Amino acid sequence: MRILRRAFFARPTEVVAKELLGKVVVRTFEGAPSRRARIVEVEAYLGPRDLASHARRGPTPRAAIMFGPPGHLYVYLIYGMYHCMNFVTEPDGEAGAVLIRAAEPLSGSDETDPRALSGPGKLCRALGITRVDKGLDLTSPSSGLFVAEDGSPAPPLARSPRIGVDYAGAWKDRPLRFFVPGHPSVSGNRALRIVTPARAVKQVST
DNA sequence: CAGCGGATGTGCT
DNA sequence: GCACATCCGCTGG
């Protein structure tokens, strides 16, 4: 496994988002086994012009980290009970971040349910990510969270509008969500997953 | 199984 | 005071 360096994140947010699909998130703990998960769904959030992005109001106390150096973790609380984790992108001084929405469990616990990490809130809960982790350096393995590539081929990629940003005017329709089509760990219901024209495979029902 | 609404607290108006 | 980059349990068909 090769840890992603800062140069990986210091690029256009949309490019980073696409290339994060298939990469492995590694969460380490003191005195407990680490947890690994393969990213299968992300969303790109751009700078101040993106009306769906927390950067739209400029570097407020909450979102200032999006304007800082790339390769750091942006975490926020949503609906009072869930956390969302983002990787900061773009060069220092430019805002951008990639929301990690879903991942496939690889190891670290008895967790084998492919839907255990199928959503941004569930993912943070399973990996133990909260606001105290906001700002940690993803390129430093000792900080508790990093991203790696393991040599597996790039997975198939589909795109769609982002989830839950209907307030964002014309930006709500921009196809800035990227996911592995048909993967069982992708979030949302069946209808959401059939965004691609690819023929829907009949679901196995009991 | 699809659809709806409650939980819960922070940030911005 | 309300909106919010969510999730899950309850309802009805």
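Atoms considered below: every heavy atom in the structure, side chains included; atoms not considered: hydrogens, waters and symmetry mates. Worth saying up front: this structure is predicted, and the values here are computed from it rather than measured.
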Practice item. Starting at atom CH2 of A:W171, determine the distance to atom P of C:dA5, rounded to an integer number of angstrom. Key: 16 Å

Exercise for review: Mind checking A:G121 for me? I need base, sugar-phosphate or nothing, with any heavy atom below 4.0 Å counting as a touch.
Suggested key: sugar-phosphate

Practice item. With salt bridge (charged side-chain N to carboxylate O under 4.0 Å, His left out) as the test, would you mind laying out the steps for A:D150 and A:R36 before giving the verdict? Key: CA-CA 12 Å; A:D150 63 354; A:R36 296 185 299 122; 5.7 Å; no

**Study point:** Shortest side-chain distance from A:L77, nucleotide among B:dC12, B:dG9, C:dA5
**Key:** B:dG9

Practice item. Check each of A:R57, A:R174, A:R56, A:R162 against A:D50 using the salt bridge (Lys or Arg N to Asp or Glu O under 4.0 Å) test, and report the only one that passes. Key: A:R162

Study note, to complete from the structure: To the nearest angstrom, the CG-P distance between A:L99 and C:dT6 comes to 8 Å

Exercise for review: Mind calculating the distance between CZ (A:R177) and P (C:dT6) to the nearest angstrom?
Suggested key: 11 Å

Check your understanding: Using a cut-off of less than 4.0 Å, is there contact between a side-chain N or O of A:Y167 and OP1 or OP2 of C:dA5?
Key -> yes

Check your understanding: Between A:Y82 and A:R131, which has a closest nucleotide on DNA chain B that is more 5'?
Key -> A:Y82

**Study point:** Whole angstrom value for the distance that separates P of B:dG11 from NZ of A:K134
**Key:** 8 Å

Practice item. Kindly say if A:R125 contacts the phosphate of C:dC8, meaning a side-chain N or O under 4.0 Å from OP1 or OP2. Key: yes

Study note, to complete from the structure: Whole-Å distance, A:Y45 OH to C:dC4 C1', equals 11 Å

Exercise for review: Select base, sugar-phosphate, or nothing to describe what A:R162 touches, counting heavy atoms under 4.0 Å on all strands.
Suggested key: nothing

Review point. According to the Watson-Crick and G-U wobble definitions, with both distances under 3.5 Å, which nucleotide is paired to C:dG9?
Key: B:dC4

Check your understanding: Should A:L138 and A:L21 be counted in the same cluster of Ile, Leu, Val, Met, Phe, Trp and Tyr side chains packed under 4.5 Å apart?
Key -> yes

Check your understanding: Is a donor-acceptor pair below 3.5 Å formed from side chain A:Y76 to base C:dA5, judging by atom type as modelled?
Key -> yes

Review point. Separation of A:D166 atom CG from C:dA5 atom P, in whole Å?
Key: 10 Å

Check your understanding: A:M81 has an atom CE; how far is it from atom P of C:dT6, in whole Å?
Key -> 14 Å

Review point. Taking CD1 from A:I100 and P from C:dT6, how many angstroms apart are they, rounded to a whole number?
Key: 14 Å

Review point. Any side-chain N or O of A:R56 less than 4.0 Å from the OP1 or OP2 oxygen of B:dC12?
Key: no

Point to revise | Pairwise side-chain contact, A:S160 with A:F179, heavy-atom cut-off 4.5 Å (strictly under) | key: yes

Exercise for review: Compare side-chain N and O positions of A:S187 against OP1 and OP2 of C:dT6 and report whether any pair is under 4.0 Å apart.
Suggested key: no

Point to revise | Minimum heavy-atom distance between A:C124 and A:H83, given as atom pair plus value | key: SG-O, 3.4 Å

**Study point:** Along DNA chain C (nearest heavy atom to each residue), the more 5'-positioned of A:K122 and A:G80
**Key:** A:G80

Practice item. For nucleotides B:dG3 and C:dA5, find the distance between their P atoms and express it as a whole number of Å. Key: 23 Å

